[in-house]
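In the text below, chain A, chain B and the rest are named by the order of the sequence lines, each starting its count at 1.
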Amino acid sequence: MDVAGLLAVAFAAGMLGGMVGVGGGVLFVPALVVFMDLTQLEAEATSLVAVVAVGAVGAWRQHGYDNLRLRDAVVVGLLSPVGVAIGVVAANEMSQRTLELLFAALSLYFAAGLARRALRGPEQPSPARSPR
Amino acid sequence: MPLLILWAGHREREATGTSLAAIVLIALLGVAGHAAYGNVDFAKGLLIAPPAVAGVIAGTTLQQRVPERAVSAVFALLLLASAALLIF
């Protein structure tokens, strides 16, 4: 168990969440596996507790920058229960190795998205810019 | 995020906040579902929440001030390392 390592990655995951608009789970999960010896399934389930906190605080902070459309968020949230239920059941049915490989694929997908951001043209101006 | 940008016509930063708000609802449902299977270690989840929240506040503040491309590159490398750890 390495609490300091876990807390450091949790901070980084929160930063990623706040900046990119994800819950941070993509970093919480490996941190919980590596530093807390949780299984992949336990780590994915446990990470969601922190994802709730990251999402709530991140949305509140982004609201301050006028980057939140609450109505659209509620619509997406209300459409999700069936997908979440399928995901929870599937995660509990599949093997640990399959879950690890699927999570690795998700990490690579996020990495590719971030790499595209890093490699694209000039910096975007501030949020006050005119809409595209 | 991509869904909000493509289908709901959000600007990228606007989608960031909207995506985070939707994630709250989705993660709450996920916690409830996984808790029913006994997979959630609430103590460890609550342990990582405070530094994560501090990270969010730092991240949203920095998002407005630091070069987004540099930060994206750092996180892309972090995720590549994490994926490699899982695969091998």
Side-chain angles (χ1 to χ4, degrees), chain A residues 6-7 10-19 21 23-24 26 28 30 32 36 38 41-42 45-46 48-59 61-63 65 67-70 72-73 76-77 80-81 84-85 88 92 100 103-104 107-108 110-111 114-115 117-118 123 127 131-132, chain B residues 1 3-4 8 10-31 33-35 37 39-42 44-49 51-60 62-64 67-73 75-76 78-80 82-83 85-87:
Chain A
L6 179 74
L7 299 185
F11 181 81
M15 273 189 70
L16 178 70
M19 296 184 76
V26 76
F28 291 141
L32 285 164
M36 291 284 126
L38 294 188
L41 177 60
E42 288 167 343
T46 300
L48 292 171
V49 176
V51 168
V52 172
V54 166
V57 175
R61 294 280 296 174
Q62 291 289 352
H63 179 57
Y65 294 110
N67 289 334
L68 171 67
R69 284 198 213 165
L70 194 57
D72 289 351
V76 173
S80 68
V84 172
V88 169
N92 279 278
E100 284 174 3
F103 199 85
S107 301
L108 290 174
F110 269 117
L114 287 167
R117 271 176 182 239
E123 290 294 319
R132 275 177 253 174
Chain B
M1 276 280 289
L3 183 108
L4 289 166
H10 285 209
R11 286 176 294 121
E12 195 164 294
R13 286 178 199 267
E14 196 172 45
T16 310
T18 309
S19 163
L20 285 165
I23 282 168
V24 174
L25 297 172
I26 294 166
L28 275 172
L29 289 167
V31 169
H34 276 297
Y37 280 93
N39 295 330
V40 182
D41 186 331
F42 282 98
K44 293 192 172 97
L46 292 173
L47 178 68
I48 55 177
V53 165
V56 172
I57 292 170
T60 45
L62 287 175
Q63 185 196 29
Q64 317 293 325
E68 186 186 311
R69 295 171 66 191
V71 179
S72 296
F75 278 118
L78 202 57
L79 288 176
L80 272 180
S82 159
L85 210 66
L86 276 171
I87 294 169

Q | Evaluation steps, side-chain contact (heavy atoms from CB on, under 4.5 Å), between B/Val40 and A/Val49 | A | CA-CA 8 Å; B/Val40 182; A/Val49 176; 3.7 Å; yes

Output the distance between atom [atom1] ([X]) and atom [atom2] ([Y]), rounded to the nearest 0.5 Å.
| X | Y | atom1 | atom2 | answer |
| --- | --- | --- | --- | --- |
| A/Thr46 | B/Ile48 | OG1 | CD1 | 7.5 Å |
| A/Asn67 | B/Thr18 | CG | OG1 | 8.0 Å |
| B/Leu86 | A/Ser107 | CG | OG | 6.0 Å |
| A/Met15 | B/Leu62 | CE | CG | 5.0 Å |
| A/Asn92 | B/Tyr37 | CG | OH | 5.0 Å |

Taking all non-hydrogen atoms of both residues, which atom of [X] and which atom of [Y] are closest, and how far apart?
| X | Y | answer |
| --- | --- | --- |
| A/Ala118 | B/Arg69 | O-NE, 2.9 Å |
| A/Gly55 | B/Val24 | C-CG2, 3.3 Å |
| B/Val53 | A/Ala53 | CG2-CB, 3.8 Å |
| B/Ala21 | A/Ala73 | CB-CB, 3.5 Å |
| A/Phe11 | B/Ala58 | CZ-CB, 3.9 Å |
| A/Met36 | B/Lys44 | SD-CE, 3.3 Å |

Part of [X] within contact of chain B (heavy atom distance under 4.5 Å):
| X | result |
| --- | --- |
| A/Pro81 | both |
| A/Val84 | side chain |
| A/Ala56 | both |

For chain A, which of [options] has the most heavy-atom pairs under 4.5 Å?
| options | answer |
| --- | --- |
| B/Pro51, B/Ala83, B/Gly59 | B/Pro51 |
| B/Leu85, B/Leu25, B/Asp41 | B/Asp41 |
| B/Gly45, B/Gly30, B/Ala52, B/Ala49 | B/Ala52 |

Q | Under the salt bridge (charged side-chain N to carboxylate O under 4.0 Å, His left out) test, residues paired with A/Glu42 that sit two or more places apart | A | none

Just so I know, are the side chains of [X] and [Y] near enough to count as touching, which here means a heavy-atom distance under 4.5 Å?
| X | Y | value |
| --- | --- | --- |
| B/His34 | A/Leu41 | yes |
| B/Leu79 | A/Leu108 | no |
| A/Val57 | B/Ile57 | yes |

(Q) Please classify the contact of B/Ile26 with chain A as side chain, backbone, both or neither, using a heavy-atom distance under 4.5 Å. (A) both

(Q) Below 4.5 Å, heavy-atom pairs only: which of A/Ala13, A/Ala12, A/Gly14 has the largest tally toward chain B? (A) A/Gly14

Q: With sequence neighbours excluded, tell me which residues meet side chain to side chain donor-acceptor pair (under 3.5 Å) with B/Thr60.
A: A/Arg61

